[in-house]
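What you see is a predicted model, and the numbers here were worked out from it, not measured in a lab. Sequence positions, counted from 1, serve as the residue numbers for this chain.
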Amino acid sequence: MKGVGLMRLDPECVSCLVKRQIENFPADAPDGRKLGYMRELLRTVADGSERLSAPEIMCGIYDLQESFFGMKQDYTEIKRYFNGLMMGFEQELLASALGAADPLKAAVQYAMTGNYIDFAAVEKVDEEKLRAMLKSAGDIEIDAAALGGLRGELKDAARLAYLTDNCGEIVMDKLLISVIRELFPALDITVIVRGEPTVNDATMEDARQTGLDGLVRVIGNGSAVAGTCLGLISREAADIIDAADVVISKGQGNFETLRGCGRNIYYIFMCKCAMFAGRFGVPLYSGMLVNERRI
């Protein structure tokens, strides 16, 4: 099986995991409880296999926080807010994409921009920065070969599986899917969201709020990992991915968990951390479109 033995955990990921989570506990928690949590957190990260991705380890950390403090941060209102915010831009941006010289490129650029809404990877999601990014989305450089490959394969494909990432961003996924349906009307499209709530990742609740489930078929993947681990998702989700001629995968978490699998996946994401920017040799917050088989 492709991807077996692949080292998925980068030293910078380990540092980031510890830095962002080591003091993530209630302010009024007893010192002894805090210390116990810190020790278990470090043990969880240290004992994690280098073949595990950061999203898989984070899933264990969230369970650890819940066991120590009975808490799991509720992102329900944040998700509803950013879904609503992006829905306010949806029709204008969709019209802009459909009226562009290259609608597919424009829609991919908007989809990349939406990936900025990530409370697991970004210290603070700045609304003004998001608005500015949307206005300048047309300036994002996209690898011409990757875009040409995606266009050609969508034209010839019968089935597309689309893996979403975050709330708010899912509205830009809907925009891209709307453009794809306009350009390739015979294509059968299934969208796969997270199976359970995890940080601000999109679930069926977000698909319903944004109306995505009224546009195409949407299913949950049966997993709480902030990515797509093929060995952990439901049989239904795995079968859809296996049967797809093309897979579009959004976000860093999906990239981290899927890279090396060898499937025909087009990854769309924004490099939101120094490790990703360094890996691809681009500035921070650069948009990326890369194909799994050509990385």
Side-chain angles (χ1 to χ4, degrees), residues 83 86 90 93-94 97 103-115 117-118 142 146-147 149-195 201-223 225-230 233-234 236-255 257-259 261 263-270 287-292:
N83 286 338
M86 297 302 284
E90 182 181 4
L93 298 182
L94 177 58
L104 181 63
K105 180 180 179 181
V108 168
Q109 288 168 324
Y110 283 131
M112 284 176 177
T113 302
N115 190 231
I117 307 170
D118 186 346
I142 296 179
L147 183 63
L150 176 60
R151 192 191 316 275
E153 296 203 56
L154 288 174
K155 180 181 178 181
D156 296 334
R159 292 175 295 274
L160 167 68
Y162 194 112
L163 314 181
T164 67
D165 193 17
N166 300 311
C167 71
E169 175 184 359
I170 195 174
V171 179
M172 295 297 97
D173 296 328
K174 183 184 174 188
L175 183 154
L176 175 53
I177 290 165
S178 296
V179 170
I180 289 173
R181 290 181 75 226
E182 184 76 18
L183 296 174
F184 313 103
L187 189 61
D188 179 69
I189 304 172
T190 300
V191 174
I192 302 178
V193 298
R194 302 286 187 256
D201 287 22
T203 62
M204 284 300 301
E205 183 177 351
D206 302 282
R208 295 186 186 105
Q209 181 187 350
T210 59
L212 180 59
D213 64 331
L215 183 67
V216 290
R217 180 190 180 201
V218 184
I219 67 163
N221 70 3
S223 171
V225 175
T228 303
C229 300
L230 294 175
I233 61 175
S234 68
E236 179 186 24
D239 286 347
I240 288 170
I241 292 171
D242 286 341
D245 301 298
V246 183
V247 177
I248 291 178
S249 167
K250 289 296 300 300
Q252 292 183 174
N254 279 330
F255 176 86
T257 49
L258 285 168
R259 69 185 177 93
C261 70
R263 287 167 173 75
N264 188 27
I265 302 175
Y266 283 85
Y267 298 106
I268 300 175
F269 56 87
M270 181 178 286
M288 301 298 300
L289 171 64
V290 293
N291 180 265
E292 163 70 19

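- In this structure, the side chain of N221 does not engage the main chain of I192 through any donor-acceptor pair within 3.5 Å.
- Here the shortest heavy-atom pairing between C167 and I117 reads O-CG2, 3.6 Å.
- In terms of heavy atoms, G168 sits closest to N83 at N-OD1, 2.7 Å.
- Here the side chain of R159 pairs a donor or acceptor atom with the backbone of A243 at under 3.5 angstrom.
- With a 4.5 Å cut-off on side-chain heavy atoms, L94 and V179 count as touching.
- Between R151 and K155, the closest side-chain pair of non-hydrogen atoms is not below 4.5 Å.
- Between the side chain of N115 and the backbone N or O of M112 there is no donor-acceptor pair closer than 3.5 Å.
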Handout entry: Test log, rule side-chain contact (heavy atoms from CB on, under 4.5 Å), inputs L160 and F184
Key = CA-CA 11 Å; L160 167 68; F184 313 103; over 6 Å; no
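- Counting heavy atoms from C-beta outward, T210 and D173 have side chains that stay 4.5 Å or more apart.
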Practice task
Please test K250 against L176 for side-chain contact (heavy atoms from CB on, under 4.5 Å), starting from the C-alpha separation and ending with a verdict.
Solution key: CA-CA 11 Å; K250 289 296 300 300; L176 175 53; 5.5 Å; no
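- For the pair D188/T190, a side-chain contact is recorded, criterion being any heavy-atom separation below 4.5 Å from C-beta on.
- The two residues I265 and S249 have their closest heavy-atom pair at CG2-CB, 3.6 Å.
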Practice task
Evaluate side-chain contact (heavy atoms from CB on, under 4.5 Å) for M172 paired with L93, printing each intermediate quantity in order.
Solution key: CA-CA 9 Å; M172 295 297 97; L93 298 182; 3.9 Å; yes
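- Within the 3.5 Å criterion, the main-chain N or O of I233 finds no donor-acceptor partner in the side chain of S223.
- With hydrogens and angles disregarded, a donor-acceptor distance shorter than 3.5 Å links the side chain of E292 to the backbone of C261.
- Ring geometry, F269 versus F255: the interplanar angle falls from 30° to 60°, so the pair is classed tilted.
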Practice task
Run the numbers on V191 and L212 for side-chain contact (heavy atoms from CB on, under 4.5 Å), then give the verdict.
Solution key: CA-CA 9 Å; V191 174; L212 180 59; 3.9 Å; yes
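- Defined by atom type and a distance below 3.5 Å, a donor-acceptor pair is missing between the side-chain atoms of D165 and N254.
- With a 4.5 Å cut-off on side-chain heavy atoms, L258 and V247 do not count as touching.
- Closest approach of T228 and T257 over heavy atoms only: N-OG1, 2.8 Å.
- Using a 4.5 Å heavy-atom threshold, the side chains of L183 and L104 count as touching.
- Of all heavy-atom pairs spanning I240 and A161, the tightest one is CG2-CB, 4.1 Å.
- Distance check, rounded to the nearest 0.5 Å: CD of E153 to CD1 of I248 gives 10.5 Å.
- Remark: Q252 CD to D118 CG distance equals 7.0 Å, nearest 0.5 Å.
- In this structure, NZ in K174 is found 10.5 Å from CZ in R181, a value given to the nearest 0.5 Å.
- Of the possible donor and acceptor atoms, none in the side chain of N291 sits under 3.5 Å from a partner among the backbone N and O of A146.
- Looking at every heavy atom in both residues, A202 comes nearest to I170 through CB-CD1, 3.8 Å.
- Residues N264 and D245 fail the side-chain proximity criterion, which asks for heavy atoms closer than 4.5 Å.
- Looking at heavy atoms from C-beta onward, E169 lies out of side-chain contact with T164 at the 4.5 angstrom threshold.
- Here the CD-CD1 distance, from Q109 to I268, works out to 11.0 Å after rounding to the nearest 0.5 Å.
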